[in-house]
Amino acid sequence: MRALSGIKPTGPLHLGNYFGAMKQHLELQAAHEGFYFIANYHSLTTVKDADYLRQLTRDVAIDYLTMGLDPQRVHLFRQSDVPEVTELTWILATVTGKGLLDRATTYKDFVAKEIVPNMGVYCYPLLMAADILIYRSDVVPVGKDQLQHIEFTQDMAGFFNQTFRPVFKRPEARLNNAPVVPGIDGQKMSKSYGNTIELIGDAKAVKKKIMSIKTDSTPVEDPKNPETCSVFALLKLLAEPEEIAEWEQRYRKGGTGYGTAKQRLFELYEQHFGCRRATRAQWAARPDDVEDILRSAGRRARAVAQELMAEVRDACGIVRATE
RNA sequence: AGGAGCGUAGCUCAAUUUGGCAGAGCAGCUGAUUCCAAAUCAGCAGGUUGGGGGUUCGAGUCCCUCCGCUCCUGCCA
């Protein structure tokens, strides 16, 4: 089974990215042939600084390797090392009705916020469908918010197959039960809210962020509701089951302050992520090795894509000089 | 290619009419407070007013020019 996933670099990775996607990616590598790409073409819809995009692309690779991605088991590559996806994007565009893209939630969000979207934002679902279809993926692990994109992909595969002949395999979404990760202000952790805790951040900076997580004003001695507390939600993600149960009790019983819970949360952060600073530094110090990993995975992915594209072109009548 | 509008702090905008010290709110940072936060209070920082040129004692404001964005018209693979 081939599992495909894209990671769109738009900023330094944070705990929301980790628990929302990265963790599942790392778990899946045991059982599936993984194709994980760094979606730098997608980033270009919002990131407009060349040096920054280069840095983000590199950092995502380093973060995945640091967190235990095994380049022997997973093909970790840059989206742009398979330029055929952009060609497939165009071909899919020619069989896809405009109405479908009008209904895309990402696009509608832009319109609702009265932000003038560029065509990349509008065509995003086409590129994403191309990403998925071009590797004949069986399984696409996604969060709930990505489900629409997978449905669109199935639709587009159908449009093409119907118009020409069956070339594309219908990919299946695998809904992961990714938890909602609250940011330090209590909203969903997201770069655009500026409420993130970095995946592998400076200890002092992370501590400060953790201490500033928004809580209610229940006094120390009173019972507290773990259900509504961001600190508890994060503890739940990092602690062992026994400790989680213990904290739940302490919350409900009262007598424990949020400050104490935050201290513990920081300790757990250090155990899980802080301890990998050295590993990350090692990867960062070996840019050539990282480049080799990306490049050779990109070559393997491209070979798959080129094979499919030959079939696509043949099906729709696009003639090209053979290479 | 033509017409119209717009461009001021990270964001939303004011000051343009009548040329006269570039400002506010939000966000940010520091401190007080707090179990930790929030709120509140005190403080700090934030700018080539899209670029260049001109007029003027003095330009965010007036003139010229270039750039960018939005809408419309035209043309086009």
Within 45° cone of A/Y193 ring axis and under 6.0 Å: A/K188 NZ or CZ = no

Distance col, row A/D51:CG vs A/R54:CZ, nearest 0.5 angstrom, shows 5.0 Å

Next item on the list: Sticking with atom P, work out how far B/A14 lies from B/U55, rounded to a whole angstrom.
Entry: 31 Å

Discussion item. Test your reading of the model: is there a side-chain donor-acceptor pair from A/S190 to the backbone of A/S192, 3.5 Å cut-off?
Written reply: yes

Applied to residues 38-59 of chain A, the ring-ring contact (aromatic ring centres under 6.0 Å, His included) test, sequence neighbours excluded, yields A/H42-A/Y124

Take atom P in B/A39 and the same atom in B/G28, then report the distance between them in whole Å.
9 Å

ask   = Do you reckon A/F35 sits in the same ILVMFWY cluster as A/V85, going by side-chain contacts under 4.5 Å, direct or chained?
value = yes

Dot-bracket assigned to RNA chain B with the 3.5 Å Watson-Crick/G-U criterion, [ ] for crossing and | for other-strand pairs, is (((((((..((((......[..)))).(((((.......))))).....(((((..]....))))))))))))....

*asked:* Taking B/G47 as the reference, what is the distance to B/G7 when you measure between their C1' atoms (whole Å, please)?
replied: 15 Å

ask   = Quantified in whole Å, what is the C1' atom distance between nucleotide B/A24 and nucleotide B/G58?
value = 25 Å

Side-chain donor-acceptor contacts of residues 169-179 of chain A below 3.5 Å, not counting sequence neighbours, with atom names and distances?
{"unit_1": "A/K169", "atom_1": "NZ", "unit_2": "A/D138", "atom_2": "OD1", "d": "3.0"}
{"unit_1": "A/N176", "atom_1": "OD1", "unit_2": "A/A178", "atom_2": "N", "d": "3.2"}
{"unit_1": "A/N176", "atom_1": "ND2", "unit_2": "A/V142", "atom_2": "O", "d": "3.4"}

Under 3.5 Å, N/O pairs linking protein and nucleotides 8-13 of chain B:
none

Would you tabulate the pairs of protein nitrogen or oxygen atoms and nucleotide nitrogen or oxygen atoms of nucleotides 28-35 of chain B closer than 3.5 angstrom?
{"unit_1": "B/U30", "atom_1": "OP1", "unit_2": "A/K208", "atom_2": "NZ", "d": "2.1"}
{"unit_1": "B/U30", "atom_1": "OP2", "unit_2": "A/K208", "atom_2": "NZ", "d": "3.4"}
{"unit_1": "B/C35", "atom_1": "O2", "unit_2": "A/Y258", "atom_2": "N", "d": "2.7"}
{"unit_1": "B/C35", "atom_1": "O2", "unit_2": "A/G259", "atom_2": "N", "d": "2.9"}
{"unit_1": "B/C35", "atom_1": "N3", "unit_2": "A/Y258", "atom_2": "N", "d": "3.0"}
{"unit_1": "B/C35", "atom_1": "N4", "unit_2": "A/T218", "atom_2": "O", "d": "2.5"}

message: What's the gap between B/A27 and B/C11 when it is taken at their P atoms, as a whole Å value?
response: 15 Å

Result for 5'-nearest mapping on RNA chain B, choosing between A/K214 and A/V116, is A/K214

*Distance between C1' atoms of B/G46 and B/U30 (Å, rounded)*: 14 Å

Q.
Checking the side chain of A/E311 only, and the main-chain atoms of A/Q306 only, is there a donor and an acceptor separated by less than 3.5 Å?
A. no

Answer with yes or no whether the side chains of A/T66 and A/R280 bring together a donor and an acceptor at under 3.5 Å.
no

Hey, what's the ring geometry for A/F37 with A/Y135, parallel, tilted or perpendicular (30° and 60° as the breaks)?
-> tilted

Here the residues of residues 180-195 of chain A within 4.0 Å heavy-atom distance, strictly under, of RNA chain B are none

Q.
Does either side chain, that of A/D63 or that of A/Y18, offer a donor lying less than 3.5 Å from an acceptor on the other one?
A. no

**Asked** Under 3.5 Å, side chain of A/D131 to main-chain N/O of A/G6, donor-acceptor pair present?
**Response** no

- prompt: Taking A/N40 for the side chain and A/S80 for the main chain, is one N or O donor matched with an acceptor at less than 3.5 Å?
  reply: yes

